[in-house]
Amino acid sequence: MSGAAGAAGALAVGTPAMGRAQEDGAPQTSAGSAPLAYQERTRAQRMRWWRDGRFGMFIHFGLYSVIGHQEWVLESEGIPIPDYEKLAKHFAPKPGAARQWARLAKRAGQKYIVLTTKHHEGFCLWDTKLTDYNAVRQGPGRDLVREFVEAVRAEGLRVGFYYSLMDWHHPDGASCATDPAARARFVAYTHGLIRELLTNYGTIDILWYDVTWPLTPEQWRAEEMNKMVFDLQPDIIVNNRNGLAGDFSTPEHKVAADERAWETCETMNLGWGYQRNDDEWKSAKRIVNDLTLCVQQGGNYLLNIGPDAAGDVPTESVERLEQVGEWLRTNGASIYGAEGRAADAFGNYTNFTKAGNKLYVHVYFWPSRTPAAEWLDFYRPGTVIAIGGVRSKVVAARLLKTGQPVKFTQNGVSLRLTGLPDEAPDSPTTVIEIECDGPAFVDHHLIRPEWQRYKVGVAV
Ligand code: GLC
């Protein structure tokens, strides 16, 4: 399975196929199973903070962080379980690591954090009564989930728990597929662990399931699972990776708009769990663009960090998150509470988001004076940013960074922002706030009938 993923090459992030099966959010619900009425009825209200927040931090942290070969290392390298288990004794994250993560997320402008409470390796980061394979009885001697929850709340952020249904360590984790007695034990264990997580740590805002292998939703008793979740945490939101539709979809490593709520999860380098020598870092510009694209298409963005065994976050991640946070401090109006769907807009150097009457033009390649300005009036004066198909009357434009007004001209075809400086005023992208006299609207398709206004190109 992981070999196939490796051979495919395209799955460059090293996430094996088994883990990717559900990523597009297509619920694998059996025919006839209906979502809980409670869940449906309360969804809009439960999800409001999440929709406005737009940007979250994902944390992959577990025994695999000690090896530093990503979170699938147990399977991808075929480590004997008794050998791997020794890591539990030597896993010693430093006190205060969770506070470091939460403060970083706050500085980055992220509004929620989702931690791997148990990844596929089966090691539980909390004080569970259901297995000794946990952070309190092993090396750390501390409840890392409690530390996390307290740290996140101290920063005023929302708390999310990632939980892997698939479990390579539990003796019934694979045999449950064929052995009914093993299945009964393992499913009870799974429900029990989730119950603990949602009972012992106060209000939890997100439950982020992952990987249903090897059982069907019926075998997991997934509906009963979600019912328990909502009974314990009435305001929680759940994703779609326990085989049911949940409240939101979870496209992985791609921005993929959906009719329903969705959240792209993405890594900053190639892996989720710590990979010591991975140097394929995405730039801060790429991260800001992905965040913007998610908002433009109506989704959220969950950006991962993979701390090392001590809990330290790779410097490259810290630097990038701080750059993004710096950018959000002046450009947050274009992201938080913003959307984009009403616009069928594209640009070769721009993205677009909107909020009410305001259109935000995100310029990621600054189009300094083109040589064509020598002959084309269109590209004068100064540097010009042009947007085709703006269908709302523009009343004002300004740079979000400085508040400086921007001159403009508008007709049915194009909105031209003129007299701009030759250097980009902000980094990694510059946002121009355009105020319209009604809801902001851009649609390039509406330009086509306008071309005839010029009545050129027809031989008479
Ligand atoms: C996949 C992978 C897993 C990772 C997750 C993040 O399911 O199996 O390692 O935690 O995606 O979305």
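Just the heavy atoms: all of them, side chains too, but no hydrogens, waters or symmetry mates, feed the values below. Both counts, for ligands and for their atoms, begin at 1 and track the order of listing.
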Residues in ring pair (Phe, Tyr, Trp, His ring centres under 6.0 Å) with F230, at least two apart? Y38

Qualifying residue for ring pair (Phe, Tyr, Trp, His ring centres under 6.0 Å) with W272, from F58, Y64, Y162: F58

R241 to ligand 1: N or O pair under 3.5 Å? yes

Counting heavy atoms under 4.0 Å, the part of T250 that contacts ligand 1 is neither

Is any side-chain heavy atom of T429 closer than 4.5 Å to one of V363? no

Contact atoms of ligand 1, heavy-atom distance to H119 under 4.0 Å: 3 (C), 4 (C), 9 (O), 10 (O)

I'd like to check which ligand 1 atoms, numbered from 1 as shown, lie under 4.0 Å from a non-hydrogen atom of V211. 7 (O)

I want to confirm something. Looking only at heavy atoms, which of Y162, W213, F58, W72 is nearest to atom 2 (C) of ligand 1? W72

Can you confirm whether Y209 sits close enough to S164 that some side-chain heavy atom of one is under 4.5 Å from a side-chain heavy atom of the other? no

Quick one: CG on L291 to CD on Q296, what's the gap to the nearest 0.5 Å? 11.5 Å

Counting from 1, what ligand 1 atoms have a heavy atom of C265 closer than 4.0 Å? 12 (O)

Can you name the ring pair (Phe, Tyr, Trp, His ring centres under 6.0 Å) partners of H169, sequence neighbours left out? Y133

Note: ligand 1 atoms sitting under 4.0 Å from heavy atoms of H120 are 2 (C), 3 (C), 8 (O), 9 (O)

Here the gap from E252 atom CD to C265 atom SG, rounded to the nearest 0.5 Å, amounts to 4.5 Å

Which atoms of ligand 1 have any heavy atom of W208 under 4.0 Å away? 12 (O)

Could you tell me if any non-hydrogen atom of M166 lies under 4.0 Å from any atom of ligand 1? no

